[in-house]
Structure formats: structure tokens, C-alpha cells
Amino acid sequence: MADMRAFRDEVTDWAAGGPGEAARELAVRLGVRTAVLLEGPSDLAAVETLAVRRGRDLAAEGVCVVPMGGAMSVGRYAGLLGPPGLDLRLAGLCDEREQPFYDRGLERAGAPRRDFFVCVSDLEEELIRALGPAKVEEVIRDEGDIRAWQTFLNQPAQHGRPRQHQLRRFLGTKKGRKIRYGHLLVEALAPEQVPAPLDDLLTSL
């Protein structure tokens, strides 16, 4: 796992304009065959948590999950990791509104689109909808964030908004919260509740 994290770090540095030699060497040494492109670290937390729940060791299977820091980076990462670069198989998740960035980026890289799965708004919204607001609030309570949640609900901007929208916004109001809840909400899912895009992604790997 540590070596795969090192590969992921080298890829991030490469995408930022650094040299790619170390990433190439690690890809060969680790037997990396698939790169899963995700928008950010909260998606990474959710995918890795579900993989563990299903008894999968993605690193041992040659799968590296890569948070790109935003959908607009997909062309860069696809070029480095797909056919023009390391020629890895590419898979991933994207938000519906960001799908055009993915389509263009994958097309430029000559990478197939078939293993990329679309969330309606984003993965957090998919998880909240799958669990239902009451269960998400239970997770918030169990995590000790109930006071922060109640304070958030008292803000005038939140009055009258649908509970699912309030929960989604709450998860993004504090640094690190989306990452933490990316893990916690997946842990709270029953097997039959896993959102289709997340389920389809893991099944495709």
C-alpha cells in the first residue's frame, strides 16, 4: 500500500509539471495496470472504503486510485496515465455537470469511456440519497458533530431547503469533513444500498 501511495504521489507531481521517470519506474515495479481517476480525496475515501468492505486489496491487484484535484485535470491525467503515457487502463467517477470535461479529455488521450460512471450531482449526494437523510443524521450524531449540524441548520440560508441539500452542503463546510464522511457514509451503507455509479466502478475493476 505504501508503495502504491508513493506511485500516486509521483503521478501527482508529474501532473503538476515534474519529471515522470519515478512514476514510470514505480508503475513497472508495482505492476500497475489500472488508474482510477477521481475528482478529489473524499471520492478516494469512499472508493477505498468500499473496496475494503468487499475484501478487495486494490493495490495488490495493480489498481491505483488517483484524486486529481478537480475535473478539469482529467485531460492531463488521462494523457499521462492512458494510451499516450503509461498506457494503463483508465476508470473513474465523474459528476454529471463535469462529464463534458471527461469526454473531451478521454477523447484527446484516446482512452475508452466505458469504465467511467456518472454521479447525478456528486458522490456525496449519491450516498446521502442512498442512505436517506435520517440515517445520515444518525451518522453525524454518532460522530459527535450533532451540535455543528444544529448550528448549521439555524443559519438563515438553510431555512426551507430540502434536507438532502442541507446535508450535502454541511459536509463541505469544514476542511476534511467530506473526506471523513466519504468513509463513514460508505461504512453505513447496507450492501444493497451502494449507489450504482460506485457499485459499477468497483465491479469494473
Side-chain angles (χ1 to χ4, degrees), residues 1 5 8 36-58 63-74 91-99 101-102 115-205:
M1 176 63 83
R5 287 198 187 101
R8 186 162 64 210
V36 179
L37 304 182
L38 302 174
E39 289 191 28
S42 62
D43 299 332
L44 169 69
V47 169
E48 290 191 335
T49 299
L50 184 60
V52 170
R53 283 194 59 180
R54 292 185 172 179
R56 303 277 301 274
D57 183 343
L58 295 182
V63 177
C64 184
V65 186
V66 182
M68 301 181 294
M72 295 181 71
S73 298
V74 67
L93 292 173
C94 71
D95 302 345
E96 190 173 59
R97 67 181 178 277
E98 312 291 6
Q99 189 173 351
F101 291 114
Y102 278 71
D115 293 325
F116 283 80
F117 304 95
V118 180
C119 300
V120 174
S121 292
D122 54 26
L123 185 54
E124 285 78 25
E125 190 270 343
E126 294 276 357
L127 293 171
I128 291 166
R129 182 154 36 88
L131 284 166
K135 180 61 177 179
V136 177
E137 289 188 72
E138 183 181 317
V139 173
I140 289 171
R141 186 177 300 105
D142 291 345
E143 190 62 12
D145 283 337
I146 192 65
R147 182 172 294 180
W149 168 236
Q150 290 169 341
T151 299
F152 173 80
L153 288 179
N154 286 329
Q155 296 176 1
Q158 300 307 317
H159 295 173
R161 296 188 71 203
R163 187 51 53 102
Q164 285 188 206
H165 294 180
Q166 293 170 332
L167 286 163
R168 181 167 167 255
R169 178 72 185 113
F170 174 73
L171 296 185
T173 56
K174 182 179 178 182
K175 186 176 180 181
R177 184 177 282 157
K178 282 178 70 172
I179 301 172
R180 185 158 49 99
Y181 279 90
H183 165 75
L184 291 168
L185 297 184
V186 171
E187 282 285 356
L189 291 167
E192 67 276 7
Q193 291 179 310
V194 176
L198 186 57
D199 182 52
D200 291 341
L201 174 63
L202 262 291
T203 301
S204 76
L205 300 178

Asker: To the closest 0.5 Å, what do you measure between CG (L189) and CG (L184)?
Answerer: 11.0 Å

Asker: Distance from R163 atom CZ to L153 atom CG, nearest 0.5 Å?
Answerer: 5.0 Å

Asker: Apply side-chain hydrogen bond (donor to acceptor under 3.5 Å, both in side chains) to T49 and list each qualifying residue two or more places apart in sequence or on a separate chain.
Answerer: H183

Asker: Measure the shortest side-chain to side-chain distance between P191 and R54 over non-hydrogen atoms and say whether it is less than 4.5 angstrom.
Answerer: no

Asker: Compare all side-chain heavy atoms of L127 with those of P195 and state whether any distance is below 4.5 angstrom.
Answerer: yes

Asker: Does F101 have any ring pair (Phe, Tyr, Trp, His ring centres under 6.0 Å) partners at least two apart in sequence or in another chain, and if so, which?
Answerer: none

Asker: As an exercise, state the distance from CZ of F117 to CG of L123, rounded to the nearest 0.5 Å.
Answerer: 13.5 Å

Asker: Between L205 and R56, is a side chain to side chain contact (heavy atoms under 4.5 Å, CB included) present by the stated rule, with each step listed?
Answerer: CA-CA 10 Å; L205 300 178; R56 303 277 301 274; 3.6 Å; yes

Asker: Could you go through the side chain to side chain contact (heavy atoms under 4.5 Å, CB included) check for R177 and F170 one step at a time?
Answerer: CA-CA 9 Å; R177 184 177 282 157; F170 174 73; 3.3 Å; yes

Asker: Check whether Q164 reaches the backbone of R129 with its side chain - one donor and one acceptor, N or O, closer than 3.5 Å.
Answerer: no

Asker: Taking only residues two or more places apart in sequence, or in another chain, which ones meet D145 in a side-chain hydrogen bond (donor to acceptor under 3.5 Å, both in side chains)?
Answerer: R180, Y181

Asker: Start with the C-alpha distance between R53 and V194, add both sets of side-chain angles, then the distance that settles side chain to side chain contact (heavy atoms under 4.5 Å, CB included), and finish with yes or no.
Answerer: CA-CA 11 Å; R53 283 194 59 180; V194 176; 5.9 Å; no

Asker: If I take atom CG from residue L131 and atom CD1 from residue I128, how far apart are they, to the nearest 0.5 angstrom?
Answerer: 8.5 Å

Asker: Between E39 and K178, is the closest basic N to carboxylate O distance under 4.0 Å?
Answerer: no

Asker: Check whether the side chains of Q150 and R147 place a donor and an acceptor atom closer than 3.5 Å, and report yes or no.
Answerer: no

Asker: Report yes or no: does Q99 contribute a side-chain atom to a donor-acceptor pair with the main-chain N or O of C94 at less than 3.5 Å?
Answerer: no

Asker: Could you walk me through whether E125 and R97 pass the salt bridge (Lys or Arg N to Asp or Glu O under 4.0 Å) check?
Answerer: CA-CA 13 Å; E125 190 270 343; R97 67 181 178 277; over 6 Å; no

Asker: Any side-chain heavy atom of L198 within less than 4.5 Å of one from V186?
Answerer: yes

Asker: Under the criterion side chain to side chain contact (heavy atoms under 4.5 Å, CB included), I'd like the reasoning laid out for L167 against E137: C-alpha separation, chi angles, the key distance, then a yes or no.
Answerer: CA-CA 8 Å; L167 286 163; E137 289 188 72; 4.1 Å; yes

Asker: Any carboxylate oxygen within less than 4.0 angstrom of a Lys/Arg side-chain nitrogen, looking at E138 and R141?
Answerer: no

Asker: Roughly how far, to the nearest 0.5 Å, is the CG atom of L171 from the CZ atom of R169?
Answerer: 10.5 Å

Asker: How long is the straight-line distance from SG of C119 back to CD of E96, given to the nearest 0.5 Å?
Answerer: 10.0 Å

